[in-house]
Number of protein chains: 2
Amino acid sequence: MRNPTLHDVARAAGVSYSTADRVLNERGGVAAKSIQRVQRAIQDLGYRRDIHAANLSRRRSYRFAVFLPGGDHGFFSALGQALLAQAEARALDRVSVTLCDPGQGAAGDWDCAALVGAESEGLAQVMADLAERGIPAITLVSDIAGARRAYVGIDNTVAGRTAGRLLRLAHGRGAGRVQPVLGSLSLRDHRERLDGAAEILGPSRLTLLPPAEVHDHPDRMRDALTAALRADDGITAIYSIGAGNRGLIALMETLGESRPFVVLHELTPHSRAALELDLIDAVIDQKPAEEAARALDAMRAIADGEEPPPAVITPAIFFKENLPGVSA
Amino acid sequence: MRNPTLHDVARAAGVSYSTADRVLNERGGVAAKSIQRVQRAIQDLGYRRDIHAANLSRRRSYRFAVFLPGGDHGFFSALGQALLAQAEARALDRVSVTLCDPGQGAAGDWDCAALVGAESEGLAQVMADLAERGIPAITLVSDIAGARRAYVGIDNTVAGRTAGRLLRLAHGRGAGRVQPVLGSLSLRDHRERLDGAAEILGPSRLTLLPPAEVHDHPDRMRDALTAALRADDGITAIYSIGAGNRGLIALMETLGESRPFVVLHELTPHSRAALELDLIDAVIDQKPAEEAARALDAMRAIADGEEPPPAVITPAIFFKENLPGVSA
DNA sequence: CAGAAAATGATTGACGTATCTCTTTTTCCG
DNA sequence: CGGAAAAAGAGATACGTCAATCATTTTCTG
């Protein structure tokens with residue numbers, strides 16, 4: 001019934017508690033055959049260390065660093081808020097979170113770090129710092145190819161496909177021309193979303209136009225879209241892949257009824273208001289609060305030496321009519 | 001820096017540890033003014049009991065019961081699986097889950113229970129049993145009006161609105177007739193979904209036909225829809241609100257290209273296959289794995305005497321193209 | 001085989017809380 | 001004021017693990 005303790009393991013292995021402890025915590029100075037006997041007993045009994053008792057004894061706390069890109073990006077500030085709120089809620093679990101500026105490198109002493117694979121100045125430096133100090137890291141929101149422990153966020157290709165499907169639905173059986181706008185083609189997540197949308201729009205009567213790069217700036221967004229709409233009066237829809245949507249929304253405000261169908265990412269106060277005012281049609285959201293919670297779950301698992309649970313967030317699709325209540 | 005302990009509280013209140021403990025755990029035999037002083041100190045220091053140390057000391061384990069309706073219902077078996085898997089994953093957190101048959105009443109001794117507000121035989125008896133024993137309960141999947149501690153699941157009105165919006169999108173600017181099918185109008189969640197859809201379809205060129213009640217049976221589903229399609233050849237879409245979708249899918253298989261647009265609930269092996277084969281168009285899923293995780297979170301919070309975190313799950317919308325990978 | 005080195009065992013005191021027992025002090029009431 | 005009851009304090013032990021010390025035994029080496 002009761003879970004076995006390390007004492008049980010020691011007894012089963014025929015060694016003292018000290019030796020079992022030395023094996024479990026890899027303190028060294030144990031003969032190979034003793035190591036084997038202890039590991040065998042751990043296997044046989046299905047022993048698993050009581051992490052709470054261990055944390056109590058060690059007065060351990062989980063110190064996590066999250067490197068978020070700065071700048072005018074509503075989503076990241078929402079994510080940062082959510083992370084701090086989650087950390088507060090988990091204070092009893094000894095979890096603390098520090099938001100860091102990627103520009104400053106990774107100075108502190110952390111148990112695990114999270115970083116966003118987006119265009120931020122010091123990202124390479126941060127990764128080097130972390131690697132040098134042996135601090136494990138996960139990626140958040142936007143993945144980075146190569147070695148890291150886990151990715152918490154949406155599958156951007158799937159998100160792009162979802163957008164593509166919404167665009168097709170919106171056109172019914174009719175034809176149309178879709179203008180994609182993104183931050184930069186060098187951003188993996190933006191590229192993946194675009195590719196996902198292209199997959200779905202390929203076999204349809206919709207044409208996916210070449211994407212405009214606006215580097216997440218509202219002004220550039222507005223200018224680029226104004227130019228695109230002027231150049232091609234057959235544009236029936238806009239798919240905004242990155243940030244800077246205030247520019248898009250402002251532009252839609254001027255167009256009135258005849259505006260194209262608009263799908264964009266991230267539910268922010270701005271995009272929410274735009275949905276409610278019928279300035280845009282659909283928002284694909286990656287739910288920062290949930291993402292924050294799953295990120296802390298993953299970081300804690302890693303800090304405990306466990307395998308982080310898979311945490312692919314399914315993006316939520318919001319229309320005017322299914323917006324979450326203010327409480328949520 | 002360090003969180004205050006009960007010793008700190010006792011010192012701050014100017015009483016002994018014993019007295020502070022008697023107050024904290026309401027053991028009685030403490031003078032009113034001492035109670036006040038201790039509570040004051042708890043406030044001032046922001047003391048919060050270290051639940052892990054407490055659990056360790058008390059050798060506490062969390063025994064949860066979940067009352068799931070039985071029967072031919074892919075979703076509930078998936079939910080049951082997810083609950084057991086989650087419990088397994090949290091064995092180190094001393095969480096154990098027992099799936100119970102609502103027909104048997106609530107016999108065991110539980111720290112918290114979860115029940116589904118659906119049409120199951122013994123639900124009233126279970127609720128009475130739990131109330132009598134003072135066992136707190138949450139609701140899962142389908143809410144029950146009245147006193148309970150928390151609801152974990154989707155907002156069914158919002159889900160219905162989402163379906164309504166998908167149906168509108170699918171019709172573009174054209175008109176159409178939508179046939180809703182549900183288990184029973186006496187089920188609150190089914191009614192809510194229907195009402196949600198009606199809200200959106202009201203101000204449109206779509207007509208929401210009177211719903212067919214099929215009591216979640218595939219055969220009845222098939223018969224009812226066959227009859228409806230025969231009686232009204234203007235039906236352009238079907239919204240299946242409850243279970244028994246195998247009957248719907250089988251029928252769509254016979255209709256070929258000219259089938260109506262179909263939206264249904266719950267991603268199961270059947271509905272997934274149907275999506276992939278283009279037999280249906282969209283699935284609104286409440287993500288049983290996530291629901292299981294949040295349910296256990298809520299039950300643990302309640303068992304610990306805390307406020308359960310809000311856990312309104314945003315339903316996922318799946319099309320053929322954004323189905324989650326097999327791993328997820 | 002002696003002596004050093006390595007391995008093992010035994011024991012202890014935390015960590016923060018629960019729970020129990022046994023004093024000692026305070027308060028109450030007639 | 002005396003005695004009983006209530007309240008408070010003191011202390012011990014336990015939960016499962018960590019981390020350290022010290023003693024003892026085994027193994028290795030020359």
Side-chain angles (χ1 to χ4, degrees), chain A residues 1-42 45-62 91-95 111 303-306, chain B residues 1-42 45-62 91-95 111 303-306:
Chain A
M1 204 68 244
R2 182 180 119 273
N3 284 337
T5 73
L6 195 51
H7 279 105
D8 299 327
V9 169
R11 195 175 322 118
V15 301
S16 69
Y17 179 87
S18 307
T19 298
D21 171 67
R22 287 193 258 253
V23 173
L24 184 67
N25 293 301
E26 294 168 320
R27 299 188 205 276
V30 184
K33 74 165 203 291
S34 295
I35 294 182
Q36 295 222 334
R37 291 170 67 182
V38 171
Q39 283 174 339
R40 183 79 204 285
I42 288 178
L45 297 183
Y47 168 80
R48 297 169 71 190
R49 179 202 315 250
D50 182 329
I51 194 67
H52 301 301
N55 287 346
L56 176 61
S57 171
R58 298 168 60 193
R59 258 175 294 188
R60 181 193 219 293
S61 67
Y62 298 93
L92 284 179
D93 293 345
R94 303 180 161 78
V95 168
D111 295 303
D304 284 344
E306 291 168 21
Chain B
M1 202 69 241
R2 181 179 120 274
N3 284 335
T5 73
L6 194 52
H7 278 106
D8 298 328
V9 169
R11 194 174 322 119
V15 301
S16 69
Y17 178 86
S18 307
T19 299
D21 171 69
R22 287 192 257 255
V23 173
L24 184 67
N25 293 302
E26 292 168 321
R27 299 187 204 279
V30 185
K33 76 164 200 292
S34 295
I35 294 182
Q36 297 223 334
R37 292 169 67 183
V38 170
Q39 284 174 338
R40 183 78 205 284
I42 288 178
L45 297 184
Y47 168 80
R48 297 168 71 190
R49 181 202 313 250
D50 181 330
I51 194 66
H52 300 301
N55 287 346
L56 175 62
S57 171
R58 300 168 58 193
R59 258 172 296 186
R60 181 193 220 294
S61 67
Y62 298 93
L92 285 179
D93 293 345
R94 302 181 162 80
V95 167
D111 295 303
D304 284 343
E306 291 168 20

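With C:dA18, C:dT17, D:dT17 as the candidates, the nucleotide lying closest to the side chain of B:R49 is C:dA18. Taking every side-chain heavy atom of A:N25 into account, D:dC18 is the closest of C:dA14, D:dC18, D:dG16. The side chain of A:R59 approaches C:dA14 more closely than any other nucleotide in the set C:dA14, C:dA18, D:dT17.
In this entry the distance linking CG of B:D21 with P of D:dT13 reads 18 Å, nearest Å. The interatomic distance linking B:L56 (CG) with D:dT17 (C1') rounds to 9 Å, in whole Å. Whole-Å rounding puts the B:R58 CZ to D:dG16 P distance at 15 Å. Atom P of nucleotide D:dA7 and atom CZ of B:R37 are separated by 15 Å, given to the nearest angstrom. As rounded to whole Å, 11 Å separates atom P of C:dG16 from atom OH of B:Y17. Rounding to whole angstrom units, CD of residue B:Q36 and P of D:dA8 are separated by 12 Å. Atom-to-atom, NZ of B:K33 to C1' of D:dA8 comes out at 10 Å; the value is rounded to the nearest Å. Taking atom CG of B:L6 as the reference point, atom P of C:dC15 lies 14 Å away to the nearest angstrom.
Evaluation of atom-type donor-acceptor distances gives a pair under 3.5 Å for the side chain of B:R22 against the base of D:dG9. At a cut-off of 3.5 angstrom, counting only N and O atoms as typed in the model, there is no donor on one side facing an acceptor on the other between the side-chain of B:S16 and the base of D:dA8.
Taking only side-chain nitrogens and oxygens, B:Y47 comes nearer than 4.0 Å to OP1 or OP2 of C:dT17. Between A:S34 and the phosphate of C:dT8, there is a side-chain N or O to OP1/OP2 separation shorter than 4.0 Å. Contact annotation: B:R27 does not reach the phosphate of C:dA18 (side-chain N/O to OP1 or OP2, under 4.0 Å). Side-chain N/O atoms of B:S57 include none lying less than 4.0 angstrom from OP1 or OP2 on D:dA14.
Using a 4.0 Å heavy-atom cutoff across all strands shown, B:H52 reaches no nucleic acid atom at all. Within the nucleic acid shown, B:G14 comes within 4.0 Å of sugar-phosphate atoms alone, with no base atom in reach, counting heavy atoms only. Among the heavy atoms of the strands lying under 4.0 Å from A:L24 are primed sugar atoms or P, OP1, OP2 only; no base atom is included. In this structure, B:S18 reaches the bases: a heavy-atom distance under 4.0 Å links it to at least one base atom across the strands shown. Using a 4.0 Å heavy-atom distance criterion, B:N55 is classed as making no nucleic acid contact.
With no hydrogens or angles considered, no side-chain donor-acceptor pair links B:R49 and B:N3 at under 3.5 Å.
Of the possible polar contacts, one joining the A:R37 side chain to the A:A13 backbone as a donor-acceptor pair under 3.5 Å is found. Put simply, the side chain of B:D50 gets close to the backbone of B:H52: a donor and an acceptor are under 3.5 Å apart.
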**Asked** Please walk me through it: do B:L6 and B:Y47 pass side-chain contact (heavy atoms from CB on, under 4.5 Å)?
**Response** CA-CA 8 Å; B:L6 194 52; B:Y47 168 80; 3.9 Å; yes
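A cation-pi contact, defined as under 6.0 Å to the ring centre and within 45° of the axis, links A:R60 to A:Y62.
A residue-by-residue look at B:V30 and B:R94 shows that B:V30 has its nearest nucleotide of DNA chain D further toward the 5' end.
Distance check: B:R59 CZ to B:R94 CZ gives 10.0 Å after rounding to the nearest 0.5 Å.
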